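To start, the structure under review is shown below, and the notes come after it.
As the structure is a prediction and not an experimental result, all values here were calculated from the model. Position 1 is the first residue of the sequence, and the numbers go up from there.
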Amino acid sequence: MKNKLIIMGLVLSGIFFGCQTEYEAPNSLSDVGFYNSAGTVNTLNVALNKFMSFTDLSQGTIEHSWIIEKDVNFLKGPIKTSDTNYTVINKGDTITKDLTVILQFNKAGWSKVRLYNVFKDSVTFRGNTNGVNYFKGSVKIAPNRWVIDTTFMVKVYDTIHPQFKVKQNDITLNLNNKDTIYVEAGDKLHFSDLTTQGEPSGRTWSIRTVTAPVTVVATSTSAEAEIIFKKLGVFTASLNVTRSGQDIPTASKTVVISRPIKVIASTKPFVLSGTIKELENETIQIPFAGEFAAFSDPKASFTVKLNGSTAAIGSVTLNATDKTILDLKLTQKIYRPDVITISYSGTTLKSTDDRVLQPFSDIKVAMHDVNLLGTPGLAGFEDGGVAWKKYSSSDAPAVISTEKPFAGNYSAKLSLTTGLKESSVSTLPAGGTNFPAIVNKTGANYVVTWKMFITPESDIVGKSMGLFYIPAWTQIFVNLADKPKGQWFTVTGEIPAQTLTGLYLRLLDNNKSTNVTLFIDDLKIVEKEVRP
């Protein structure tokens with residue numbers, strides 16, 4: 001950059017002294033710069049057989065070259081983003097003097113692209129990657145010869161190649177032929193996505209009808225998916241594998257399983273299948289192992305108990321989109337703390353394959369209960385410590401740990417030993433991305449619950465902990481002395497109606513004489529409902 005300074009000085013001289021002396025401009029300028037089509041991302045990513053462009057913006061180079069590996073091609077430009085056919089130039093060459101190169105990457109994995117420039121003066125490249133500035137200086141190799149030697153690492157993502165298997169009754173099916181797979185209504189197939197090539201990030205299993213209009217009757221995004229077939233007929237199964245993420249090339253590939261699936265009449269009883277659950281609109285959905293044939297009003301065959309007393313049924317109807325589900329509605333409002341059970345004692349309801357629905361008694365309904373914490377990271381620490389972090393005033397260990405979860409893979413571990421004052425984790429900063437504000441809309445108080453485990457060796461006499469809610473900075477106080485050790489138990493508290501912007505779990509002993517270790521998991525916040 002020495003010549004830059006010379007130019008600036010001479011120009012300023014011209015400003016101050018006018019035409020007192022004749023100015024002769026330098027005949028060269030040394031400067032370094034380069035650019036690639038991926039911008040300033042930390043890692044350069046490209047899909048297999050696709051291209052990326054690189055441009056050398058340097059000035060005053062004595063020598064210049066782009067150097068590539070043998071599995072990379074130089075392409076003829078310009079290329080439009082919509083183009084799918086590329087023209088290879090200088091096939092087999094690995095070095096070019098061109099300032100701009102368009103490179104096609106033909107081998108999955110890591111590939112190197114090298115820019116080699118020699119200047120007569122010292123130069124410095126001022127760059128920015130992911131918003132962070134950096135500097136790269138030249139190296140002197142001889143008098144008036146300064147080198148900037150830069151290697152770009154390019155991650156080349158392979159083409160997605162779906163691999164999978166299907167099991168029936170724990171037996172892996174041969175998918176190399178087109179024989180029909182027979183499944184009794186209410187039975188299931190187990191689908192396993194084994195895809196690794198192309199570094200996929202997700203997949204979707206789809207079950208479709210084969211006759212018009214073609215409709216999707218079941219889907220799953222699980223790598224290990226168990227799909228129950230309830231509807232009679234012939235179906236096809238497909239797997240769509242995808243790759244997505246920030247700054248990586250997106251891709252997808254769909255394969256259709258060659259063997260059709262025919263669902264036939266079941267030899268098993270027509271029974272309740274799955275969990276009876278209440279929806280947000282207070283509809284109670286009852287699932288069964290097969291589709292229902294047409295029926296008249298079956299209310300008289302059902303009995304509903306609400307908090308131990310018989311409740312009036314408003315209607316029992318076939319679900320509009322799934323003929324294996326009955327929708328039941330009561331004549332009165334349902335509240336969150338209610339306990340509801342359902343029984344069936346009739347003989348008139350039948351499946352489409354003429355099986356009589358079997359009776360059942362006092363099956364408990366899973367109540368609609370939305371956890372306002374929303375994400376597994378906030379509610380159960382399942383992001384491994386992104387939403388919850390050790391609090392700044394904590395001088396003792398406080399971690400998001402895999403050591404002892406109640407559910408999932410993680411829990412918060414708080415521990416104090418003699419000489420330490422505080423062990424705490426929080427979602428601070430308040431109202432930040434770690435904790436989107438929970439806006440109190442109804443004016444009802446919140447009910448807060450969580451699971452806690454105190455290790456058997458802990459000394460809990462006279463000890464306590466708390467959950468602070470922000471911005472009030474008031475805590476739900478928990479006395480540890482009367483809690484069981486060596487087992488998970490539930491803690492319940494209440495927060496007054498307000499907008500919440502954060503949480504803070506703290507185990508504290510100002511006397512620094514505590515020896516306690518506890519685990520916390522499965523936090524839940526709901527708005528309080530009370531039956532009048």
Side-chain angles (χ1 to χ4, degrees), residues 1-44 46 51-78 88-105 107 109-156:
M1 307 307 234
K2 188 182 298 180
N3 286 343
K4 272 191 170 182
L5 297 176
I6 293 172
I7 293 173
M8 290 179 65
L10 291 171
V11 171
L12 289 173
S13 297
I15 292 173
F16 288 113
F17 297 104
C19 298
Q20 294 180 14
T21 59
E22 184 176 351
Y23 166 63
E24 182 177 345
N27 58 11
S28 66
L29 167 68
S30 295
D31 192 14
V32 59
F34 44 77
Y35 172 82
N36 66 76
S37 57
T40 62
V41 296
N42 190 42
T43 303
L44 303 180
V46 67
F51 66 88
M52 181 180 294
S53 62
F54 295 79
T55 298
D56 181 12
L57 304 174
S58 303
Q59 299 183 44
T61 54
I62 299 172
E63 296 178 21
H64 154 79
S65 59
W66 289 103
I67 305 166
I68 61 175
E69 297 180 324
K70 63 179 181 179
D71 295 303
V72 181
N73 289 333
F74 293 111
L75 298 182
K76 181 180 180 181
V88 176
I89 58 175
N90 305 325
K91 188 173 180 62
D93 287 353
T94 58
I95 301 176
T96 182
K97 303 291 185 182
D98 294 343
L99 293 178
T100 296
V101 291
I102 304 175
L103 305 180
Q104 181 186 39
F105 297 85
K107 182 179 179 181
W110 288 97
S111 186
K112 297 178 181 179
V113 177
R114 183 181 174 196
L115 172 61
Y116 185 84
N117 279 339
V118 180
F119 302 86
K120 71 173 184 178
D121 297 302
S122 172
V123 296
T124 299
F125 178 77
R126 292 167 173 82
N128 182 285
T129 298
N130 288 348
V132 178
N133 293 324
Y134 71 94
F135 300 90
K136 180 181 177 66
S138 56
V139 176
K140 187 176 183 180
I141 60 172
N144 299 322
R145 293 181 66 84
W146 297 80
V147 172
I148 289 276
D149 191 353
T150 304
T151 297
F152 302 90
M153 298 300 297
V154 180
K155 174 68 178 295
V156 184

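- Judged by distance alone, the side chain of W66 and the main-chain N or O of L99 form a donor-acceptor pair under 3.5 Å.
- When every heavy atom of G60 is checked against every heavy atom of F119, the shortest pair comes out as O-CD2, 3.9 Å.
- Taking CG of D149 as the reference point, atom NZ of K136 lies at 7.0 Å (rounded to 0.5 Å).
- To the nearest 0.5 Å, atom CD1 of residue I67 and atom CZ of residue R114 are 4.0 Å apart.
- Within the 4.5 Å cutoff, no side-chain heavy atoms of K140 are placed close to those of R145.
- Residues N117 and F125 fail the side-chain proximity criterion, which asks for heavy atoms closer than 4.5 Å.
- When each of N73, V113, L44 is checked for a side-chain contact (heavy atoms from CB on, under 4.5 Å) with F105, only V113 meets the rule.
- When every heavy atom of I68 is checked against every heavy atom of D93, the shortest pair comes out as CD1-O, 3.9 Å.
- W146 contributes atom CH2, which lies 12.0 Å from atom CD1 of I62 (distance to the nearest 0.5 angstrom).
- Using a 4.5 Å heavy-atom threshold, the side chains of F74 and V88 count as separate.
- Closest non-hydrogen pair, I95 versus S65, comes out as CG2-CB, 3.9 Å.
- Considering OG of S122 and CG of N144, their distance stands at 11.5 Å, rounded to 0.5 Å.
- The minimum heavy-atom distance between E69 and K112, with the atom names listed, is OE1-N, 3.3 Å.
- Looking at S111, its side chain never comes within 3.5 Å of a backbone N or O of V154 through a donor-acceptor pair.
- In this structure, G77 and I102 approach most closely via the heavy-atom pair CA-CD1, 3.6 Å.
- For the pairing with H64, the side-chain hydrogen bond (donor to acceptor under 3.5 Å, both in side chains) check across D56, D98, T96 returns one residue only, D56.
- Nearest heavy-atom pair, K107 versus D71, reported as atom, atom and distance to 0.1 Å: CD-OD2, 3.2 Å.
- Taking a 6.0 Å sphere around NZ of K76, one finds it holds 12 or fewer heavy atoms contributed by other residues, nucleotides or ligands.
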